[in-house]
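Since the model is a prediction, treat every value here as computed from it, not as a measurement. Hydrogens, waters and symmetry mates are skipped; everything else that's a heavy atom, side chains included, is used.
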Amino acid sequence: MGPADAALVAGGGLLAGAVNAIAGGGTLIAFPALLATGMPALTANITSSVGLVTGYAGGALGYRRELRGQTGRLKALAPPAMLGGLIGAIVLLLTPSDGFKSAVPFLVLAACLLLAVQSRLAAMVARRRAATVAAAAATQSGTEPGPPEGAITWPTRIGVFVAGAYGSYFGAGLGVLLLGVLGILLVDELQRTNALKTLLSFGVNSIGVMVFLVTAQVSWAFAGILVVTSACGGVLGARVARLLPANVLRTAVVVLGVVVAVVLLVR
């Protein structure tokens, strides 16, 4: 590992941790940075998952204020999220290297699509929250019945499980999937939902990392760099997320992802 490669991966890890906290899609930054060092695609994907796990932890730490009062939700949703993460990691390890390499451009494009529609998902979340608040007001006035706010349903558990499996197989877009599931099926402020999403993402990645640790397909030098830099980026990104609209950053990540996918297809 030369100094240029180390600097490239360090910068990618810092930005990826921040992007994961603000808009999601940090893997679309760290993964290409690892590929640029000449690393095989499967090894780069596993190394990225291992290295970025602290970025999710840093983001959750930055969101600790918004996580207050969500212990019940975490107890209900952490098991399906982590079970999905376990299954996704096992499937990844069973995927032939050549097969994964062929699938990577399409996985990157799928992650870009998820990021591109994230703002629409957020709008759906906002509309649903407004409708539920209105329904709750009607319920209090005795005009119509309604379900208890914040109840964790089986569709929510199943959606979190599917997102966890996908995220452990290929991390890019995990946050968007989780935010969509939680935002549509739960009722809360967007920042609190984003905080819950970040902590669940940390759980999914942690389970995946525990599986990956028993393999020899991790580049530990680069993973160590990502562990430190993505944690710093996650804490910084969670603070910036309260002040900075994510649209510009999300667009930049999507453009980068499309470019990476095109380059991989051309190769």
Next on the checklist: Assess, by modelled atom type and distance only, whether the side chains of Ser201 and Thr198 contain a donor and an acceptor separated by less than 3.5 Å.
Outcome noted: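 Not at all, the side chains of Ser201 and Thr198 share no donor-acceptor pair under 3.5 Å.
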
In chain order, what residues pass the side-chain hydrogen bond (donor to acceptor under 3.5 Å, both in side chains) check against [X], with sequence neighbours excluded?
X	result
Tyr169	Thr95
Ser97	none
Ser48	none
Arg192	Asp188

Checklist entry - Which side chain to side chain donor-acceptor pair (under 3.5 Å) pairs, counting each pair once, include a residue from residues 29-45, with sequence neighbours left out? => result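 Counting only pairs at least two positions apart or across chains, no side chain to side chain donor-acceptor pair (under 3.5 Å) contact touches residues 29-45.
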
Item to check | Sequence neighbours excluded - side chain to side chain donor-acceptor pair (under 3.5 Å) pairs with any residue from residues 222-231 | outcome: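 Counting only pairs at least two positions apart or across chains, the side chain to side chain donor-acceptor pair (under 3.5 Å) contacts touching residues 222-231 are Thr54-Ser230.
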
Could you work out, with side chain to side chain contact (heavy atoms under 4.5 Å, CB included) as the rule, every residue matching [X], not counting sequence neighbours?
X	value
Leu93	Ile46, Val211, Phe212, Thr215, Gln217
Ala6	Met1, Ile225
Ala195	Tyr63, Glu66, Leu67
Pro79	none

Next on the checklist: Which heavy atom of Phe202 sits nearest to which heavy atom of Ser206, and what is that distance?
Outcome noted: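 Heavy atoms only, the tightest pair is O-OG, 2.7 Å.
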
Checklist entry - Among all residues two or more places apart in sequence or in another chain, which pass the ring-ring contact (aromatic ring centres under 6.0 Å, His included) test with Phe170? => result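 In terms of ring-ring contact (aromatic ring centres under 6.0 Å, His included), with neighbours along the sequence ignored, Phe170 is linked to Phe31.
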
Validation: residues 157-167 side-chain donor-acceptor distances under 3.5 Å, sequence neighbours left out:
from, atom 1, to, atom 2, distance (Å)
Arg157, NH1, Ile152, O, 3.2
Tyr166, OH, Ala172, O, 2.6

Next on the checklist: Side-chain heavy atoms nearer than 4.5 Å, only ILVMFWY residues, links allowed to pass through others: does that put Leu92 and Leu213 together?
Outcome noted: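 Yes, same cluster.
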
Checklist entry - Any link between Val228 and Leu15 through a network of hydrophobic side chains (Ile, Leu, Val, Met, Phe, Trp, Tyr) touching at under 4.5 Å? => result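 Val228 does not cluster with Leu15.
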
Checklist entry - Among Val209, Leu226, Asn205, which one satisfies side-chain contact (heavy atoms from CB on, under 4.5 Å) with Val50? => result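 Between Val50 and the candidates, side-chain contact (heavy atoms from CB on, under 4.5 Å) is satisfied uniquely by Val209.
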
